[in-house]
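Beneath this line is the structure, given in structure tokens, with notes to follow.
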2 protein chains.
Amino acid sequence: MELEKVRPKSGRAVKMTDIARIAGVSSSTVSRALADHPTIPEATRTTIQALAREHGYVVNRAARNLRQSQTQTIAVAVPLGHEREQLISDPFFLRLFGHLADEISQRRYDILLVREPSPDAHWLGRLVQSQRADGFIIVGQSDQHQALNLAARDYRPLVVFGSELPDQIYCSVGSDNFEGGRLATDHLLRSGRRRILFLGPAELPQIDLRLDGYRQAIGDHGLSVDESFVLPAHFTGPSAHDAVRDLLARAVEFDGIFAASDGIALSAIRALESAGMRCPDDISVVGFDDSDLASQSHPALTTIRQDVPGIAATIVDHLFRRLEGEGTYSSTLPVSLILRESAPG
Amino acid sequence: MELEKVRPKSGRAVKMTDIARIAGVSSSTVSRALADHPTIPEATRTTIQALAREHGYVVNRAARNLRQSQTQTIAVAVPLGHEREQLISDPFFLRLFGHLADEISQRRYDILLVREPSPDAHWLGRLVQSQRADGFIIVGQSDQHQALNLAARDYRPLVVFGSELPDQIYCSVGSDNFEGGRLATDHLLRSGRRRILFLGPAELPQIDLRLDGYRQAIGDHGLSVDESFVLPAHFTGPSAHDAVRDLLARAVEFDGIFAASDGIALSAIRALESAGMRCPDDISVVGFDDSDLASQSHPALTTIRQDVPGIAATIVDHLFRRLEGEGTYSSTLPVSLILRESAPG
DNA sequence: GCGGTTTACGCAATCGATTGCGCAGTTGTC
DNA sequence: GACAACTGCGCAATCGATTGCGTAAACCGC
């Protein structure tokens, strides 16, 4: 490729008054014509629109945003409180984001992705105030519960992906994590497993609910939870693998694993395999999410499916209803157990 | 959750003149103080900054953008010319996007995701003119070559993810697709395979180069390409699966597959399996990308690794150099063969 | 203590589109 | 033919921050 010459911006960008001059009208008329304002007669409108197209004119969004105090943009904000790398390494987030983006752009809004590496109590307030977007979707309820409550007190177009928590005033949308945890664990118990590990970052509200479901299922079967079987593990990195390896090294006996994500489940299975155990023959494993990995891995993962497209659609639906001034309740979407090889029926 | 009362925006948002009044200075001074302008003495600066923080003041970005004609935003634009669903269903795109987002936000820029469902010759020009972003990254060179050339003629901060094509004036960054195709096919040939399918959407420039590499390798081994072995297949959907199934149904003999993506490879392997063939015993398969799926699937995929973090870093680096007024050449990044089970050494 | 320099900050224009209000010209009504 | 209503469009204010230029006060050296 030829190295292009660096040249100054070719002249001045064409603006509305230019079109106005050419059309022999005022810029007010051009503005109204381009906005399909009904007070401008059809004929004038089409003439001006044609002229604008011909000259490659496009409304300057910065100017319009300022004047109208709205941006036709929805921000998807990710507070990276607990896991710095969440965004790039978490396939679940990326999938959700993809669907959110689809829903939003179908409504002719732009999508602004905002990462907040060091959220404090007011990051959301600042974000809202900066007027970069008309509404906000927060992915990563995690440790932001208070900041979210604070912001939701006087800002309405805000929807959070996450669970419904006790003292919550913001609107959240998420899966039925409790039921997911219960389903997964119940399935393991029904298939005869008795000593079941829980693997996951229980400090996150959504995961904690999965853990609650796990406890519930165990209780329902007349058993009691062995707290040493509840192990922390991160979505990424080797923590799940290491935890399982250490357990096996200490000859702790268990016959099932409920992992808080498919990634954690696979990581655990790899640890089992390298210790000579087999899944599902020796140990059954149930994951969470039903990501692409779940169906393609070996063994294929039994897992709890989250309805990602449904979640995205609901979030965006709530958000736009709020943009219209409506109030919306939080929503919890159903999950389902997907049976595959790693924990057969 | 309690349904919150819909209340009007609490008063008026605090603006710069408010801070100015409180501080007893002019808004010019506040502006300069907040921008850490050196003509404002340290003491005044910190006072004003403290005041702003205390009152929760944040600069209105729309106003700033208009005045400065810059947005501190990079747009990632995806023309959905050929595959409508590309964004949400393509894990490769999402992974690349994640890394791009990281690189961009590290430079304290925001990320605007723009989907263009129906690109025409001028969509990029319109996008650029709308002044929504300071620079653009285009993902999906696909059928946009001419539109890209057109836009690059007088707009510089523009970098394209894709291959270097003959009459190209825009700056592109991508993997060495030709070498990837050659490596993959050469590996199959060296392991004794002779009748190798190519599966992929060769209408895309990057894929076409992989096909060129495939042809080259076959030629290098003194064989000639059987054009009936070059089969179209989409990244998503059942086309790869169906193509392989039909071939097997017609009893066409082949012993290797080079697939243009890991997803296509897996889809092909599933088709082999349902026809009672085994991979790699009967047929070796090589994929492309080295996605998460490749290492977790069964059989684990031999594949060509694209350096996604490297690509993202290079794209963003080029873009910011261009923002500074520098010219940059197109870049091609190396790929490597990752040996796994589906096509053992 | 005086001319000259520096410091600290304000005035007012500016970015480009939108929009409330009003005016001129036309049409309609009796 | 007089008056009202309506149509089509322009004037000028506005959105909120930034910034070139100017000026008053402070400071400096001799």
Side-chain angles (χ1 to χ4, degrees), chain A residues 9 11-49 51-52 55-73 110 126 128-134, chain B residues 9 11-49 51-52 55-73 110 126 128-134:
Chain A
K9 269 198 149 166
R12 188 176 43 71
V14 39
K15 50 187 176 183
M16 197 173 269
T17 50
D18 298 329
I19 303 298
R21 192 175 336 100
I22 297 168
V25 296
S26 76
S27 68
S28 323
T29 302
V30 175
S31 173
R32 286 190 260 251
L34 294 181
D36 272 327
H37 208 283
T39 73
I40 306 292
E42 183 77 28
T44 322
R45 246 187 292 168
T46 51
T47 314
I48 293 179
Q49 285 171 4
L51 225 47
H55 289 263
Y57 171 75
V58 187
V59 186
N60 180 319
R61 282 291 279 268
R64 171 194 292 215
N65 290 349
L66 174 58
R67 179 59 227 246
Q68 301 194 136
S69 319
Q70 61 127 308
T71 57
Q72 285 276 315
T73 300
D110 287 330
R126 282 200 306 273
V128 165
Q129 280 245 338
S130 74
Q131 311 247 331
R132 280 183 290 189
D134 300 340
Chain B
K9 268 197 152 168
R12 189 176 41 72
V14 40
K15 49 187 176 181
M16 196 173 269
T17 50
D18 298 329
I19 303 297
R21 192 174 337 102
I22 296 168
V25 297
S26 76
S27 68
S28 325
T29 303
V30 176
S31 174
R32 287 189 261 252
L34 294 180
D36 272 326
H37 208 283
T39 71
I40 306 293
E42 183 78 27
T44 321
R45 245 187 292 168
T46 50
T47 313
I48 293 179
Q49 284 170 6
L51 226 45
H55 290 262
Y57 172 75
V58 188
V59 194
N60 180 319
R61 283 292 279 271
R64 171 194 293 214
N65 291 348
L66 174 59
R67 180 59 227 250
Q68 300 193 136
S69 323
Q70 61 127 311
T71 57
Q72 285 276 314
T73 299
D110 287 331
R126 281 199 306 272
V128 165
Q129 279 246 339
S130 74
Q131 311 247 331
R132 280 183 290 190
D134 300 339

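A, B, ... follow the sequence lines: proteins, then strands. Residue 1 opens every chain. Being a predicted model, the structure only gives us computed values, none of them experimental. Because only heavy atoms are used, hydrogens play no part in the values below, and waters and symmetry mates are left out as well, while side chains stay in.
- Counting to the nearest Å, the P atom of dG10(D) and the CE atom of Met16(A) are 13 Å from each other.
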Any N/O pairs under 3.5 Å between the protein and nucleotides 19-21 of chain C? List them or say none.
residue, atom, partner, partner atom, Å
dT19(C), O4, Ser28(A), OG, 3.0
dG20(C), O6, Arg32(A), NH2, 3.2

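- Note on Val25(B): only backbone sugar-phosphate atoms sit closer than 4.0 angstrom, heavy atoms only; bases stay farther off.
- Distance, Leu34(B) CG to dT18(D) P: 8 Å, rounded to whole Å.
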Check: protein-nucleotides 25-27 of chain C nitrogen or oxygen pairs below 3.5 Å:
none

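- Note that the CD atom of Glu42(B) and the OG1 atom of Thr47(B) stand 9.5 Å from one another [nearest 0.5 Å].
- The pair Lys15(B)-Asp18(B) fails the salt-bridge criterion, with no side-chain N (NZ, NE, NH1 or NH2) lying under 4.0 Å from an Asp/Glu carboxylate O.
- Exactly one residue among Asn65(B), Asn60(B), Asp110(B) makes a side-chain hydrogen bond (donor to acceptor under 3.5 Å, both in side chains) with Arg132(A). That residue is Asp110(B).
- In this structure, CZ in Arg64(A) is found 8.5 Å from CD in Gln70(A), a value given to the nearest 0.5 Å.
- Between Thr39(B) and dC9(C) there is no side-chain N or O to OP1 or OP2 distance below 4.0 Å.
- When rounded to the nearest whole Å, the span between CD of Gln131(B) and P of dG16(C) equals 8 Å.
- A distance of 11.0 Å separates CG in Leu51(A) from OG1 in Thr46(A), rounded to the nearest 0.5 Å.
- Spacing between atom CD of Gln70(A) and atom P of dA17(C) amounts to 16 Å, rounded to whole angstrom units.
- What separates CD1 of Ile48(B) from C1' of dA17(D) is a distance of 14 Å, to the nearest Å.
- The side-chain heavy atoms of Met16(A) and Leu34(A), taken from C-beta on, include a pair separated by under 4.5 Å.
- Rounded to whole Å, atom P of dT18(C) lies 9 Å from atom CG of Asn60(A).
- Distance Arg64(B) CZ to dA17(D) C1': 8 Å, rounded to the nearest Å.
- Once rounded to the nearest 0.5 Å, the distance linking CD of Gln49(B) with OG1 of Thr44(B) reads 10.5 Å.
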Q: Check the pair Gln129(A), Val14(B) against side-chain contact (heavy atoms from CB on, under 4.5 Å), reporting the backbone distance first and the verdict last.
A: CA-CA 9 Å; Gln129(A) 280 245 338; Val14(B) 40; 4.0 Å; yes
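- Applying the 4.0 Å criterion to OP1 and OP2 of dG8(D), one finds that Thr44(A) has every side-chain N and O outside that range.
- If you take OH of Tyr57(B) and P of dG16(D), they are 10 Å apart, rounded to a whole angstrom.
- Annotation: side chain of Arg45(A) is in contact with side chain of Asp36(A) (closest heavy-atom distance under 4.5 Å).
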